[in-house]
Protein chains: 2
Amino acid sequence: MAFARRNGAEDSSTRTALIDAAEQLMVEEGYAAVSSRRVAGRAGMNAALVYYYFGTMDDLFLAVFSRRAERNLEAQAEALASDQPLWALWDVTRDQTNTALNFEFLALGKHRKVVGAAITESCFNFRRVQLDAMPGILKRYGVDADAWAPAVVLLLMDGMSRFLMMEEAFGLDIGHTEMIALIEGQIRALEGEPRSRKPRPRAKKRA
Amino acid sequence: MAFARRNGAEDSSTRTALIDAAEQLMVEEGYAAVSSRRVAGRAGMNAALVYYYFGTMDDLFLAVFSRRAERNLEAQAEALASDQPLWALWDVTRDQTNTALNFEFLALGKHRKVVGAAITESCFNFRRVQLDAMPGILKRYGVDADAWAPAVVLLLMDGMSRFLMMEEAFGLDIGHTEMIALIEGQIRALEGEPRSRKPRPRAKKRA
DNA sequence: GTCTATAGCTGGATAGAC
DNA sequence: GTCTATCCAGCTATAGAC
């Protein structure tokens, strides 16, 4: 855990409810809408509790970020350990659930030092976990490591996927079908047809 | 111009100063810091002038966005019309100048309807201008259009470039050198060595 | 743990003088 | 075009009762 907890147990239901409310507010109305009053109001709590549990708004943001990052890191680790790791990784990165929240944190992270540091550390962890697994996976499939460095393969899968999802969040999809077909074609050449794919959450309609 | 102007000439120096101040504030402190009082204060003006010129804060945001989008679109059109269009396009997309501002608008655009619409329209225009030029460029270099659809080439150049810049904005660069070498190698194979490259602005250090 | 009350500040937006 | 004055609302954060 990268942030200091002011008060209250880690598994306090009040604490959890406040984090839930803050996350929802960020997604629905943006980080600027996350005030102690509005977070508490949505959670059916009193505003002073935000300060009791988190001390400052920055620490509340960090709690939201860390919880989401941990969950996503676990999902990714599970994907990389599956029997079709490339398909599983691709499906995990194509998940639109976090896109709106990511936009908020990217903006927030450029202006709140502690949030920016958490983003850098978290992204680094994701890439490190991917990089630990990729060489073994590619070797198993007989991919020439000189022609396709693991880090490059990851940028083409994870990086391109993230860019496509950002565009899709704004209704842009020029070339997406072709790009997705290209990447999935490469995965198919290595792993064959996907045997079981998790249903992939798409972006919600704009309000 | 996609936004309604409340009052004042398009070339009013006061109007320009307010847009300048708003843009600076967005980059330095985020969209939440853009208030009529702070914008006016930075421009050495009175807060009421913001409402005189723009009517609402939303229209001020639109003015900032539109001005930047127009400038960037011109720079891209110039690049695509140059004698080494792929190198020029690559250099234009590798420009870090706008990354911080883009983060702000991506977040803002998900919550302010008119801003979101402006982003969608602007990105669509960028891609359309690129797509108008690419087929001719690739054909001139003898690229097989069936293997490399123009839209896919653009996602690999423009899309990947944008993703790399977002990572770099947070100090992340795993695999970047290799990815850049891969893309530049492809460009070099088609256009040879770059003859004249504009100096590429990099991200500023964090404060 | 949860509450009320409060200090001190900042915000969007308008009315109306000059 | 530019200003002051103003309304009403919202904000972070703390003190202290229960």
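Labels below follow one simple rule: chain letters A, B, ... track the order of the sequence lines, proteins then strands, and each chain is numbered from 1. Atoms considered below: every heavy atom in the structure, side chains included; atoms not considered: hydrogens, waters and symmetry mates.
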Heavy atoms under 4.0 Å, any strand shown: does B/Thr14 hit a base, just sugar-phosphate, or nothing? sugar-phosphate
Among C/dA13, D/dT14, D/dT2, find the nucleotide with the atom closest to the side chain of B/Arg37. C/dA13
Is the centre of the A/Phe124 ring less than 6.0 Å from the centre of the B/Phe170 ring? no
Check ion pair A/Arg127-A/Asp158 (N to O, under 4.0 angstrom): yes
Any side-chain N or O of A/Ser35 under 4.0 Å from OP1/OP2 of D/dC11? yes
Taken to the nearest whole Å, CZ/B/Phe54 to C1'/C/dT14 is 18 Å
Should B/Asn46 be listed as having a side-chain N or O under 4.0 Å from OP1 or OP2 of D/dT4? yes
Between C/dC3 atom C1' and A/Leu49 atom CG, what is the distance in whole Å? 8 Å
For the residue pair A/Phe65 and A/Phe105, does the interplanar ring angle fall in the parallel (under 30°), tilted (30 to 60°) or perpendicular (over 60°) class? perpendicular
Is the closest side-chain heavy-atom distance between A/Asp11 and A/Thr16 below 4.5 Å? no
Strictly below 4.0 Å, N to O, side chains only: are B/Arg42 and B/Glu28 in salt-bridge contact? yes
C/dT2 OP1/OP2 closer than 4.0 Å to side-chain N/O of A/Tyr53: yes
By the 4.0 Å heavy-atom rule, please label B/Thr56 as base, sugar-phosphate, or nothing. sugar-phosphate
From D/dC7, D/dT2, C/dG1, pick the nucleotide closest to the side chain of B/Tyr52? D/dT2
With heavy atoms under 4.0 Å as the rule, sort A/Val34 into base, sugar-phosphate or nothing. sugar-phosphate
Specify the separation, in whole Å, of atom CE of A/Met45 and atom P of C/dC3. 8 Å
D/dG10 C1' sits how many Å from B/Met57 CE, rounded? 15 Å
Among C/dA13, D/dG1, C/dC3, which nucleotide has an atom closest to any side-chain atom of B/Tyr51? C/dA13
Mind calculating the distance between CG (A/Leu25) and P (D/dG10) to the nearest angstrom? 14 Å
What is the nucleic acid contact for A/Arg38, judged by heavy atoms within less than 4.0 Å: base, sugar-phosphate only, or nothing? sugar-phosphate
